[in-house]
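Data block below; observations after.
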Amino acid sequence: MSLELVAVAVPVPLYKTFDYLVPARLRGRLQPGMRVKVPFGRRQLVGVALEAPREAGGDLAQYRHVEELLDEETLLPREMLGLARWAADYYRHPPGEVIWALLPGNLRRGQPARLPDDAGLRLTRSGSAALAELPSRKKALRSLLQALGPGPQPRSALPRGPALATALESGWVETVPAAALPFTLAETPPELTPEQSAAWTALQATGGFDVALLQGVTGSGKTELYLRRVAEVLERGGQALVLAPEIGLTPQLVARLQQRFGEGVAAFHSGMSEGERTKSWLRARSGAARVVVGTRSAVFLPFARLELIVIDEEHDPSYKQQEGFRYSARDVAVLRAQRLGIPLILGSATPALETLHNARTGRYRRIELSARVGRGAPPQVRALDLRGQTLQHGLSAPLLDKVQQHLDAGGQALLFINRRGYAPMLLCHDCGWIAPCAHCDARMTLHRGRRRLICHHCGAQQPAPSACASCGGKNLQPVGEGTERIEDALRNRFPMVRTERFDSDRLAKKGELEQLLAGIRSGDIRILVGTQILAKGHDFPGLSLVGIVSADQALYGADFRAVERMGQLVTQVAGRAGRSAGIQGDAAPPAEVLLQTHEPEHPALQQLMRGGYPALAELLLAEREAAGLPPYSHLALLRAESMEAELPLRFLAAARELLAPHADGVMLSDPVPALMERRGGFTRAQLLLQSGSRAALQKLLAACVTRLDGLPEARKVRWSVDVDPADLF
DNA sequence: ACTCGCGACGAC
DNA sequence: TCGTCGCGAGTC
């Protein structure tokens, strides 16, 4: 009898799979997508069979045997194996680690993939017979059986009690899996506005693979369209995936979906315990979860019948993983939808330039929603020229006056500054020393509330000094501003009203955000100071003034996406403001958005103020085209870091030599130090690969990346490839 | 990643 | 001379 070999992905950072002999006892049972226990060197590892076993010939001495089969049925369906293979290829990441990224922790460790699914109950034949003969005094039992007469029901819809136990014992009632339960809407959907109706018609006009960019300002009612699209899918027994950029935004979406669809809505994100995540994973796979709301990693859930993907706030940078396996959940989703032949909805008020470009070239359909449901148009952004102005803790007199005006008129004010802490620098006024981070090329940020200096790049901390470390002088001055400082300044200036800060420091505790949001809605909180946390998800109907403390940093930022991000953030924050005059009745001040800047003539700001984000995007796309940057070219970044200063550049120089002969149609930059060369004790450098053709870039990476491991210079550096990098730091 | 083996140096 | 520390190689 001939022998069989099977290719197994094992969780090691190696760019290949390993072949194992299939022992006779497992013949015919081992399928692709099942987990196996295999010997690996001196260790035992859990791996995943990637292909069906194949006949083996020739010398088999090098192979060892699969030790144990851990699954009785396929854990990762064919579709997932294909997706993993594509991702490993495209992102140049070891296949075993990619497969690992698809599995929750419990399953990686080889635990059984079983989930009791008895969510539903059904009347059996003997149950129907029993019902007819049941004496009428057995009330509870009768009503239970009667309730099940029309068809299977979820347990939760039925009365609990001894009657159920009796019915199950007697075989009158049996359990059915959740996926077998019929779908019903738990609430009546609201009427659509005329504009929503038009968008709805456009959204539906499709079958099979289709990417729709649903571009609508905050409050334009995108979510309702998502819900209706999901409903369609659920009605025909399919499953839907809804991605949100952050953990913080999932509970709202889950609640909204549960309200509409009742049971069968699951969440999946890293804020959940491992057990909960495994449960959602298995429910997606069994079909028990009809809709899953999740963050980035949910794009790899093994749905049984996925028929729709929705990506909310598709422009958000958190969809790109910045560590290890650096995938973009948005791009993976597009590919997955394509392979499955299903529709994908990308929703955003401020789409990424890549997405806008795809819409322009016709790859995506663009569907616009411009009006805000029940609210006025979003206010226009106006510049507040800072030149010549005296600043108090970064705030100009005209801006403070505006805050006063809006408070007087009964409005609320939001001050946006995307920097935590009190001040980004602590300067000695006597000798010029600035408190540095010992591990990074960066300054420590002063957190006055905690009386500490904290490095925002590596997390290093120390107590805030009372004297200069260099000259011993006591004249230490905070320079620049963060949320804490703005909060302080506003509290001092407006002591009679409640001012609250919204950033990750202030909101570390669970439930705190909800409390503060309630305070905003009740009107108790009048001034909000915060970071981008305020830009996402929440609506503040009483908010009439938005002040952007500064956007200038982005204008001179070294990263080519800085201005795009600034435009998105400013637009998103601005969208929080402006109720319609009608809604809350009283004399609410008309909404205003003011942006403090030292360069009001900057073309990017001009565009943003004149035509909003769409106009800015036009300008930026033209700039990108002229500069040959994405989306008009494709990038990959080879990064290297090491504790020893010279090694990263030395490695990249060797890497460049190796790449250069194969670089057909790909431009290789010189190896250069990273923008922040030292970070967390590591010295970092990078090499940029750029090409007009994605295929050419892929071909080069495919030819070379695995061979980089073999370079002697690779020994002592940590290196990685970042395909489609989100930023160049 | 992990684990092993090999050669370098050090108190006994 | 027996230890462990640092590296290079190999993992079906």
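Below, each value reflects all heavy atoms present in this structure, side chains not excepted, and no hydrogens, waters or symmetry copies.
In the set dC12(C), dT3(B), dA1(B), dT3(B) carries the atom at the smallest distance from any side-chain atom of Arg42(A).
Taking the six-membered ring where the residue is Trp, Phe325(A) and Tyr327(A) present tilted rings, their angle falling between 30° and 60°.
Here the P atom of nucleotide dC12(C) and the CG atom of Leu3(A) are 17 Å apart, to the nearest Å. Distance Arg64(A) CZ to dC12(C) P: 5 Å, rounded to the nearest Å. Protein atom CD of Glu67(A) is 12 Å distant from nucleotide atom P of dC12(C), rounded to whole Å. The CZ-P distance, from Phe40(A) to dT3(B), rounds to 12 Å in whole Å. Put simply, CZ on Arg43(A) is 10 Å from P on dA1(B), counting in whole angstrom units. Regarding Gln62(A), its CD atom lies at a distance of 14 Å from the P atom of dG10(C), rounded to whole Å. Asp709(A) has its CG atom 16 Å from the P atom of dC2(B), to the nearest Å. Spacing between atom NZ of Lys716(A) and atom C1' of dG8(C) amounts to 12 Å, rounded to whole angstrom units.
The minimum heavy-atom distance linking Arg339(A) with Gly82(A) is given by the pair NH2-CA, 3.3 Å.
Residue Arg715(A) has a polar side-chain atom (N or O) positioned under 4.0 Å from OP1 or OP2 of dA9(C).
Looking at heavy-atom distances under 4.0 Å, Pro11(A) makes no contact with the nucleic acid at all. Heavy atoms of Leu5(A) sit nowhere under 4.0 angstrom from any nucleic acid atom. Within the 4.0 angstrom heavy-atom criterion, only backbone atoms of the sugar-phosphate kind lie near Tyr20(A); the bases stay farther away.
Using a cut-off of 4.0 Å between Lys/Arg side-chain N and Asp/Glu carboxylate O, Glu512(A) and Arg506(A) are scored as salt-bridged. In summary, Arg561(A) and Glu354(A) engage in a salt bridge, as defined by a charged side-chain N under 4.0 Å from a carboxylate O. Lys536(A) and Glu246(A) are joined by a salt bridge, as a carboxylate oxygen and a charged side-chain nitrogen come within less than 4.0 angstrom of each other.
The partner of dC12(B) cannot be assigned: no Watson-Crick or G-U wobble pair with both contacts below 3.5 Å exists in any strand.
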